[in-house]
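Structure, as structure tokens:
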Amino acid sequence: MFQPDALIEALSLVFTVQTLMWLVFGVAVGVGLGAIPGLTASTSVALMLPLTFALDTAGALGLLIGLYKGAVFGGSISAISFATPGAPDSAATVYDGYALTRQGKGRKAILASLYSSTTADTLSDILVIFVAPAMAIIALNFGPTERFWLMVLAITLLGALSGKHLAKGMLSAAIGLYLGTIGQDPVGNVSRNTFGQSWLQDGIHLVPLVIGIFAMSRMLEQGLDLTRRSPGVQYAAEMVRGAFAKGTSTLSFREYRSILPQIGIGFGVGSIVGMLPGLGATVASFLTYGLAKRFFPSKRIGEGSIHGVAAAEAGNNATVGPTLVPLLAFGIPGSATAALIGGALILQGVTPSPRMFELYPEVVYSLFAILILGNVVNLGVGRFFGFFYARLGQLPPQMLVPLIMLMAVIGAYAARNDPYDVLMMLGLGCLGFCMRRFGVPEAPLVITFLVAPLMEQNMRRALLINRGDWADALFGSPLAIGLFGLAVLMVVLSLKMNVGDRLASVGRESK
């Protein structure tokens, strides 16, 4: 399956001034946005997605993957500096990172975060390069029926694992499925769910959807909470300048070697969790942190230890590459950010699927090369600018929120120069705001929005092949029956876990 000519072409596309420039720009902006509390990796990628229209495929991948890697690491900067994680992915970093800052070792904590992040991320990217092609070969044996049930299983996983309540996760997935059916159906080109509006004939465009759901909704929420700032943020802002001065303690090579066991745990856990749709970097971070705390009690993790910072950051950064494995192998995004990268590929005319390795090998090899190069750039940007970005959290939200809102409006309009896209973005922003207020996760909505057309196409193809026989179309092979059984099993297990958690919480309240 390896194609040397495609590899040479991919390297010629990646090692150009333009692609490398966008990669560096993406990482630099990603780290800066990630360091600002409230701006997650998915928000950063959504804001910059319109820029990919003016880029070639390699440049677009460089920009988005750079943003992804930079933002995941950048979230640890505010967690260490102000006890306010830039994203939920870095919440576990607060325990030891902020304690180190209060001890005057903030510089050491950020360096431990940077080195553990880039090390674990590089190892997981190498794993992706070997695993993704093998999974794609397996996926090529899937027919329309099997692909349909595989997508149903993915949606079930997303709905079950993307929040505390199964119903809320499934509600988000259902909204995404509905939005994905607006426009013309993929076989008969019949309009549906357009309510007689001509501007909905082509369906909802990806760019206003992701900007509205991720960026505008967060800014609406922060706009209402401008007066709320935690005492931890205010206290840290007073001492951050001294905590990151050049004269403070730094991270030695001996200390880096001492945190390698925690990095190894983060690499293993993050790689596995990243390949499972719906779990995400937050789960990997807390799971790695918990395992490290249990296996290394002598390291005093939780009391201000670089080993705790290394474990949490290795776990969440190790998920970056593996979240792309389901996208490349099956055409199913493994996370919200992977869904945005998949959407960018679709906008470039490259549809993520098992046949990508056959039809667009140069794109796949370009992506692999950018994954590795992104870690090198992330290391350089974080090493030289990380301490400057540590002060971005002090910027007043009164200045940041209007600026990001303006960027959201410009980005939604620039995608197609269509004013209706701006209205759609604002409406979806209000929807996303309501979802956040009621605790409904956004990730299932965006991923099912992308998966819905593919799922419908495969179901319609299966029906055409089996001449309208629903039984054969849906359960015509042992593999299809097995995938159906797994989907049902996931729903049952999720319901049991949900009921168990509620009974446990009631028991605690009654004591």
Side-chain angles (χ1 to χ4, degrees), residues 1 3 6 10 13 41-42 45-46 49 52-53 55-65 67-68 125 128-129 131-144 146-155 157-158 176-177 180 186 203 205-207 209-210 274-278 319-371 374 443-458 461:
M1 197 169 184
Q3 301 182 34
L13 293 173
S42 54
V45 173
L49 190 62
T52 62
F53 284 89
L55 304 177
D56 59 9
T57 304
L61 288 174
L63 173 63
L64 298 184
I65 292 176
L67 281 165
Y68 191 7
D125 290 341
V128 167
I129 293 172
V131 170
M135 293 185 67
I137 293 174
I138 297 173
L140 285 173
N141 296 320
F142 283 36
E146 291 78 15
R147 291 178 185 174
F148 169 77
W149 283 117
L150 184 66
M151 293 174 187
V152 171
L153 176 61
I155 292 173
L157 283 168
L158 289 168
L177 284 173
H205 199 245
L206 176 67
V207 173
L209 182 133
V210 298
M275 292 184 191
L276 300 175
T319 64
V320 172
T323 57
L324 300 176
V325 170
L327 178 69
L328 297 176
F330 302 103
I332 300 173
S335 67
T337 312
L340 300 182
I341 294 174
L345 287 172
I346 293 174
L347 295 175
Q348 292 283 336
V350 179
T351 302
S353 71
R355 297 197 65 193
M356 271 190 69
F357 292 85
E358 176 185 350
L359 299 177
Y360 311 103
E362 69 283 354
V363 174
V364 176
Y365 294 148
S366 296
L367 188 148
F368 289 161
I370 290 170
L371 283 175
L445 184 153
V446 176
I447 295 176
T448 51
F449 173 80
L450 291 173
V451 168
L454 299 174
M455 186 169 67
E456 183 179 7
Q457 287 176 11
N458 283 290
R461 288 173 184 170

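In this text the structure is predicted, and so the values were computed from the model without any measurement.
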request  = For T337 and T323, run side-chain contact (heavy atoms from CB on, under 4.5 Å): C-alpha distance rounded to whole Å, both residues' side-chain angles, the deciding distance at 0.1 Å, then the answer.
outcome  = CA-CA 9 Å; T337 312; T323 57; over 6 Å; no
query = By side chain to side chain contact (heavy atoms under 4.5 Å, CB included), which residues pair with P144, not counting sequence neighbours?
reply = N458, R461, A462, I465
inquiry  = So, using side-chain hydrogen bond (donor to acceptor under 3.5 Å, both in side chains) as the criterion, who are the partners of E362 when residues are at least two apart?
reply    = none
request  = Hey, could you give me the CD1/CG distance between I370 and D125, rounded to the nearest 0.5 Å?
outcome  = 11.5 Å
remark   = In this structure, CD1 of I341 is separated from CD1 of I346 (nearest 0.5 Å) by 12.5 Å
Considering all heavy atoms, the nearest Y360-G349 contact = OH-O, 3.5 Å
task = Determine yes or no for a side-chain-to-main-chain donor-acceptor pair under 3.5 angstrom, with Q348 supplying the side chain and L61 the backbone.
result = no
ask   = Who passes side chain to side chain contact (heavy atoms under 4.5 Å, CB included) against L347, sequence neighbours left out?
value = F53, H205, V207
key: Results of side chain to side chain contact (heavy atoms under 4.5 Å, CB included) for I129 - residues two or more places apart only   = F368, I372
task = Can you see which heavy atom on A10 is nearest to which on Y365, and at what distance?
result = CB-CB, 3.5 Å
request  = Provide the closest heavy-atom pair for L340 versus A46 in the form atom of the first, atom of the second, distance.
outcome  = CD1-N, 3.8 Å
request  = Take T52 and L64 through the test side-chain contact (heavy atoms from CB on, under 4.5 Å) and record every step on the way to the result.
outcome  = CA-CA 8 Å; T52 62; L64 298 184; 4.0 Å; yes
A132 to L328 - nearest heavy-atom pair and separation = CB-CD1, 4.4 Å
request  = Compare every heavy atom of M356 with every heavy atom of V350, then report the nearest pair and how far apart it is.
outcome  = CG1-CE, 3.9 Å
